[in-house]
Amino acid sequence: MELITIDVSELQPPEPMTEILKSLSNLAPLECLKVIHSREPFPLYKKLSESGWDYFCQPLPASKAEFKRCHIFIYKQSESVHFKTYLQPLLNL
Amino acid sequence: MNMSGLSFDALPPINIPFRYFLIAPVFLIVIALFVLYSGPDVWLSRWHPAMLTITHGFTLGFMTSVMMGALFQIFPVVGGIGFPKVKLVANISYVGHVLGTCCLMLGFIWPISSVKVLSVLFLGGSFLTYLTAITWILSKNLSQGVVISGIRLAIFALFIAFLLGMGLVLGFFKGDKIFTNLHALWGGLGWGGLLIISVSFQIIPMFYVAPQFKNVISKSTPITLLSLLLITALVQEVSSITICFLLLINCIYSISVLHVIQNRKRKIPDTTIQYWQLASISMFVLFIFFCLSEYIFVDALKYKQVLLMAAVFIYFYLISIIQGMLLKIIPFLSYTHLQQKCLMNFEAMSLLPNMHGFLNKKYAKLLFILHIFSGSSLILTIFNPSLYWLFGTLLLLEFTWLLFLMVTAMRLYQISNHKINHLLQLTQVK
């Protein structure tokens with residue numbers, strides 16, 4: 001299990017999505033993409049689910065840096081069980 | 001995070017916001033031809049029937065079309081929830097809006113009762129369908145952030161402006177100009193102004209990677225503006241002091257827009273930034289002009305005061321921001337919709353066009369220059385109506401150019417979408 005982290009919080013749209021796509025295309029089995037984002041990309045969620053991906057969003061406290069609002073964890077639906085177990089202690093699920 | 005109550009199934013097909021965006025410049029092309037046909041007399045009074053046709057072409061035809069279309073996209077992005085029965089709502093409200101606006105504009109210059117009745121039926125059906133759908137969205141468990149709270153107030157202002165408008169068309173308030181003034185105020189500063197302000201709290205930091213607006217601005221501006229509008233409605237008087245306060249609050253908001261934009265992370269040259277700057281400066285000009293005309297040059301400027309203020313507010317403030325945002329949103333939406341398809345098959349990423357292919361930067365700059373010239377010619381025409389032909393011509397040029405840019409971007413979207421769909425189909429067959 002490995003976390004691949006990218007920070008798109010200071011990128012101008014649509015660059016965040018470009019970076020997410022590139023990283024997902026290179027994701028190896030049992031790897032999870034952790035995206036540091038300035039907002040919750042709601043419209044992306046449905047597309048992720050339709051395309052065989054699972055996600056989890058962890059909002060950050062307001063006291064964090066101005067541009068960083070949330071962490072989004074994206075992983076393959078087929079590996080969902082592994083990641084839920086893996087992320088549980090990290091995120092206090 | 002708790003996602004209960006949110007529906008991601010209602011994300012609108014791209015053609016829904018796009019159909020509203022496309023019809024907007026068409027209305028102003030028609031208005032430009034009407035300006036050229038009508039001659040100079042129209043510009044002598046705000047009460048001239050042809051002037052009412054022109055005003056509603058700008059406010060209902062252009063401004064409201066874009067804003068209605070944009071909300072279909074904004075709710076899923078900001079609140080994570082879309083319109084219920086989105087295609088049905090969009091079809092009814094779009095057809096009703098377009099036909100109703102045409103009938104209303106025609107009704108001012110050709111006042112026969114059947115045209116008026118049709119405008120009431122079409123616009124009534126359109127707005128009631130649209131407002132009912134939005135009320136359903138707002139009744140859901142949405143985040144109570146500043147954007148949604150502000151949109152709530154803007155929708156309330158639209159409802160009041162709509163009721164007043166219907167009452168005026170049906171002749172309920174005959175001979176009482178206060179209701180016309182209230183309708184203009186609730187439609188312009190309420191629906192138009194409040195929606196732009198609320199949505200800007202999301203899109204300026206998002207599109208320009210800029211800091212968030214100060215809490216005091218984002219929390220207090222919309223509610224203060226609406227409270228002032230409520231006062232005007234309750235006392236049924238649009239006093240100078242209320243207008244002064246409304247403009248002052250808009251000026252404070254405009255200062256914060258300039259501040260947030262100035263502090264953006266990446267200062268890439270962008271014409272849409274210039275639209276925001278132009279709108280903010282126009283608001284200061286409007287405020288100064290109002291104070292001067294009201295308290296100093298009373299007689300000299302009073303005669304043209306309302307027409308000039310409406311022109312600066314509608315053309316240099318509202319339309320500047322809306323046009324700038326169209327230039328930002330259309331390429332962004334086109335590109336994002338295509339990008340998301342690549343999640344199904346990463347090979348499709350190679351078929352994505354260049355983002356700048358959707359809108360050539362030089363063409364956007366040319367549109368901005370045309371906007372400045374046509375706006376200036378509008379002001380000149382109010383002072384000297386014999387220059388109406390200049391304004392009509394520049395208006396025609398500007399909005400034909402905008403329509404061309406929009407059609408070009410949408411065409412590229414269609415071509416790329418077709419290629420990507422073809423690849424996805426081939427993958428499924430394999």
Side-chain angles (χ1 to χ4, degrees), chain A residues 7-28 33 35-77 87 91-93, chain B residues 1-3 6-12 14 73-82 142-143 145 147 202-203 205-212 215 260 263-268 270 328-329 331-350 352 355 358 424:
Chain A
D7 184 350
V8 300
S9 60
E10 293 184 18
L11 295 182
Q12 201 165 357
E15 288 170 36
M17 182 66 181
T18 309
E19 291 306 310
I20 292 172
L21 275 176
K22 272 189 207 162
S23 305
L24 286 179
S25 68
N26 293 324
L27 214 60
L33 183 65
V35 184
I36 303 168
H37 213 309
S38 55
R39 68 198 152 83
E40 264 203 81
F42 286 122
L44 173 65
Y45 291 156
K46 185 194 167 202
K47 297 288 174 187
L48 281 172
S49 303
E50 281 175 358
S51 318
W53 299 91
D54 234 337
Y55 61 88
F56 182 82
C57 178
Q58 180 193 35
L60 296 177
S63 56
K64 285 269 178 183
E66 203 164 10
F67 294 96
K68 294 172 178 48
R69 289 298 183 85
C70 60
H71 291 164
I72 304 147
F73 298 87
I74 308 173
Y75 41 86
K76 290 194 177 79
Q77 278 170 4
L87 291 171
L91 308 172
N92 295 322
L93 288 175
Chain B
M1 190 191 183
N2 180 21
M3 293 288 179
L6 300 186
S7 159
F8 301 117
D9 294 334
L11 241 140
I14 199 167
Q73 192 69 31
I74 286 168
F75 276 114
V77 173
V78 176
I81 190 164
L142 289 177
S143 99
V147 183
Q202 168 88 11
I203 57 176
M206 184 182 99
F207 275 133
Y208 304 112
V209 197
Q212 299 293 323
N215 267 343
V260 167
N263 288 297
R264 66 194 190 277
K265 275 273 170 186
R266 293 160 69 188
K267 294 191 172 55
I268 306 163
D270 186 338
K328 200 78 187 166
I329 289 169
F332 170 70
L333 274 188
S334 309
Y335 195 80
T336 306
H337 271 254
L338 294 174
Q339 257 187 336
Q340 291 188 351
K341 292 195 165 192
C342 299
L343 279 166
M344 310 286 265
N345 182 350
F346 293 117
E347 282 175 39
M349 282 161 68
S350 62
L352 281 175
M355 171 73 177
F358 287 100
L424 294 179

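Residue numbers start from 1 in every chain, and the chains themselves are labelled A, B, ... in the order their sequence lines are given, proteins ahead of strands.
Heavy atoms only, all atoms of each residue included: Pro14(A) and Tyr335(B) are closest at CG-CD2, 3.3 Å. The two residues Phe346(B) and Leu24(A) have their closest heavy-atom pair at CZ-CB, 3.6 Å. Closest of all the heavy-atom pairs between Val209(B) and Ser9(A) is CG1-O, 4.2 Å.
Chain A forms the most heavy-atom pairs under 4.5 Å with one residue out of Val77(B), Ile268(B), Asn345(B), Leu352(B), and that residue is Val77(B). Listed options Ser25(A), Pro41(A), Gly52(A), Pro16(A) were ranked by heavy-atom pairs under 4.5 angstrom with chain B; first place goes to Ser25(A).
A search for side chain to side chain donor-acceptor pair (under 3.5 Å) contacts involving Thr18(A) returns Gln339(B), not counting sequence neighbours. Every residue meeting the side chain to side chain donor-acceptor pair (under 3.5 Å) condition with Glu50(A), not counting sequence neighbours, appears here in chain and number order: Lys46(A).
At a 4.5 Å heavy-atom cutoff, the contact between Met206(B) and chain A is made by backbone and side-chain atoms alike. Interface remark: Met344(B) contributes backbone and side-chain atoms alike to the contact with chain A (heavy atom separation under 4.5 Å). Proximity to chain A involves both the backbone and the side chain of Phe207(B), based on heavy atoms less than 4.5 angstrom apart. For chain A, no part of Lys341(B) is nearby; none of its heavy atoms comes within less than 4.5 Å.
Interatomic distance, Lys22(A) NZ to Met349(B) CE, rounded to the nearest 0.5 Å: 7.0 Å.
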Q | Derivation and outcome, side-chain contact (heavy atoms from CB on, under 4.5 Å), residues Ile20(A) and Leu343(B) | A | CA-CA 10 Å; Ile20(A) 292 172; Leu343(B) 279 166; 5.8 Å; no

**Q.** From CA spacing to verdict: side-chain contact (heavy atoms from CB on, under 4.5 Å), Arg39(A), Val78(B)
**A.** CA-CA 9 Å; Arg39(A) 68 198 152 83; Val78(B) 176; over 6 Å; no

